[in-house]
Amino acid sequence: MAEALILCDKAAIGRRDHSFCANLAASRSARRVAEIPVISSHILHGLPAFMRQEVGERALQRANRAAGFDLELTEGRNCFIPHAAVIGFVNAAARAAGAPDLGLLIAPMMNAANYGSFGRYILGADTLGQSIQRSITALCYHSTDDRMSVAVVGDKARYSYVFALAGHAGYDMIAGAAAGVLLSVIRAYLPVDWRPLRVELNIDRPRQTGLFEDLFQCPVTFNAPAVTIVVERHHLSAAPRCASWPIVTIEDVARDRPGGAPRSLLDVVMEQIRAQVLTGSVSIDRAARPLGTSVRTLQRELDRVGTDFRSLTNAARIQRATELLRHTDGSITRVSAEMGYSSPANFARAFQKATGRTPSEFRSSM
């Protein structure tokens, strides 16, 4: 008799990890939640270099403009970017390159192993079933408003993911890449010649379905409720194919992102500003665009919570400047340039106003 259930590892990670995220959810209940889903920039790891090589510098520049900042300069950092920026990045590159199947081209390079402590936590599990459960448990530290689940029906297991903006214009480019991420988790535990029983995608059936079946080496269905990889149930007990990862706990993941992925409008905007600061240029227009709002509306919303874009930018720049002064030997002129100030003198005045000390005094006091 077929039995439908949600897979839940009741061993070490189950009760502890679920209570950990339950407490997090409870602490958020009183906070105003902005309807701007965000996701870790780790998901775009390697894509800028791939696009430069495969579709050209022009396409990459257009993609960066659509995202709101230069993703290559933030690579390896755990920034959070709007889901809309991810869609904009991939679609702008596809249009510039004339490559409507770009979403399929990038699917093979999508890999949870590149997702920082979140990815290391997932792939450090002892079995595939535990790895999948970890990805579900820790998703709150990777993104907001995404959904992930696993269900076992009879002798099959269904590993599913729903992107927060699934169904929105341009999402078709993302679905295949999302399937690539789920497959990367499964393939870390199964033989290299393993193939899924089926891949299901939550997009309309395309004209050339053969491209999808050639890529995934299995039947592919469309108009599904989620991106789903269907595997044999017995594979859930498979051990890692390669040497185990260093031990990473859910608390390690939490320390990398205290409070989980940002949810309030203020936190989301600050993430946009921090990412732009890392690239040396901050613009409210480039912050508003991937948030799906106008500059005027963004200014009004920030005013409603008692701040403004300039104040947030200054705070982010000063915070980053103190880190550079404390932990690097770069000259004050270089730090000034990296923070986007027009001159070292302007940087020094802004720094002293914020901290009470000049950059030189701050560095000499350490």
Side-chain angles (χ1 to χ4, degrees), residues 1-9 18 21 25 33 35-40 43 82-84 86-87 90-91 101-104 106-107 110 112 115 118 122 128-129 131-140 142-187 195-233 235-236 261 263 292:
M1 178 178 177
E3 178 186 18
L5 57 100
I6 297 297
L7 178 70
C8 180
D9 178 12
H18 280 295
C21 275
V33 176
E35 295 182 359
I36 305 172
V38 296
I39 194 166
S40 171
I43 68 166
H83 284 65
V86 177
I87 291 178
V90 176
N91 279 268
D101 59 345
L102 184 62
L104 290 180
I106 65 177
M110 303 302 290
Y115 290 4
F118 172 75
I122 292 172
L128 174 58
S131 179
I132 290 173
Q133 184 59 49
R134 284 187 175 198
S135 70
I136 297 168
T137 299
L139 188 61
C140 56
H142 180 68
S143 64
T144 60
D145 298 339
D146 288 348
R147 301 192 307 276
M148 191 174 283
S149 64
V150 62
V152 177
V153 180
D155 61 354
K156 297 181 178 64
R158 299 170 54 82
Y159 183 25
S160 300
Y161 169 73
V162 179
F163 187 75
L165 296 187
H168 287 232
Y171 168 71
D172 286 9
M173 284 280 184
I174 305 299
V181 178
L182 300 189
L183 284 167
S184 74
V185 175
I186 297 171
R187 285 177 171 145
R195 298 291 181 271
L197 294 175
R198 185 171 65 255
V199 170
E200 301 173 4
L201 300 177
N202 52 351
I203 59 175
D204 291 338
R205 184 180 182 86
R207 291 182 179 180
Q208 295 181 305
T209 60
L211 293 176
F212 290 82
E213 294 185 344
D214 289 345
L215 171 65
F216 296 119
Q217 294 292 293
C218 70
V220 179
T221 61
F222 302 90
N223 298 298
V227 172
T228 298
I229 312 298
V230 184
V231 305
E232 294 93 340
R233 178 178 184 167
H235 285 318
L236 296 177
R263 286 184 170 271

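The chain is numbered in sequence order, starting from 1.
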All side chain to side chain donor-acceptor pair (under 3.5 Å) counterparts of [X], not counting sequence neighbours:
| X | result |
| --- | --- |
| Q208 | none |
| S40 | N78 |
| Y115 | none |
| D146 | H83, S143, Y161 |

Side-chain heavy-atom pair [X], [Y] within 4.5 angstrom cut-off:
| X | Y | value |
| --- | --- | --- |
| L236 | V152 | yes |
| L128 | I186 | yes |
| I43 | V86 | yes |
| M110 | L183 | no |
| R263 | D145 | yes |
| R198 | V220 | no |
| T228 | Y159 | no |
| I174 | V90 | yes |

Start with the C-alpha distance between L201 and T221, add both sets of side-chain angles, then the distance that settles side-chain contact (heavy atoms from CB on, under 4.5 Å), and finish with yes or no. CA-CA 6 Å; L201 300 177; T221 61; over 6 Å; no

Considering all heavy atoms of both residues, which atom of [X] and which atom of [Y] are nearest to each other, and what is their separation?
| X | Y | answer |
| --- | --- | --- |
| P206 | F222 | CD-CE2, 3.4 Å |
| A169 | I87 | O-CG2, 3.7 Å |
| F216 | A179 | CZ-CB, 3.8 Å |
| G170 | N91 | O-ND2, 2.9 Å |
| V199 | C218 | CG2-SG, 3.6 Å |
| G176 | A107 | O-CB, 3.5 Å |

Hey, does the side chain of [X] reach the backbone of [Y] with a donor-acceptor pair shorter than 3.5 angstrom?
| X | Y | result |
| --- | --- | --- |
| T137 | R134 | no |
| T144 | A261 | no |
| S135 | I122 | no |

Would F212 and L104 count as a side-chain contact (heavy atoms from CB on, under 4.5 Å) here? Give the steps. CA-CA 7 Å; F212 290 82; L104 290 180; 3.5 Å; yes

Per the salt bridge (charged side-chain N to carboxylate O under 4.0 Å, His left out) rule, what does the pair list look like for residues 147-161, sequence neighbours excluded?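 Every pair satisfying salt bridge (charged side-chain N to carboxylate O under 4.0 Å, His left out) with a residue in residues 147-161: R158-E200.
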
Salt bridge (charged side-chain N to carboxylate O under 4.0 Å, His left out) partners of residues 204-225, not counting sequence neighbours, each pair once: none

If you round to the nearest 0.5 Å, how far is CG of D101 from CG of D172? 13.0 Å

Quick one: CD on Q133 to CE on M148, what's the gap to the nearest 0.5 Å?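 Interatomic distance, Q133 CD to M148 CE, rounded to 0.5 Å: 11.0 Å.
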
Pair V227, V162 - check side-chain contact (heavy atoms from CB on, under 4.5 Å), show working. CA-CA 6 Å; V227 172; V162 179; over 6 Å; no

Going by the angle between their ring planes, with limits at 30° and 60°, are Y171 and F163 parallel, tilted or perpendicular? parallel

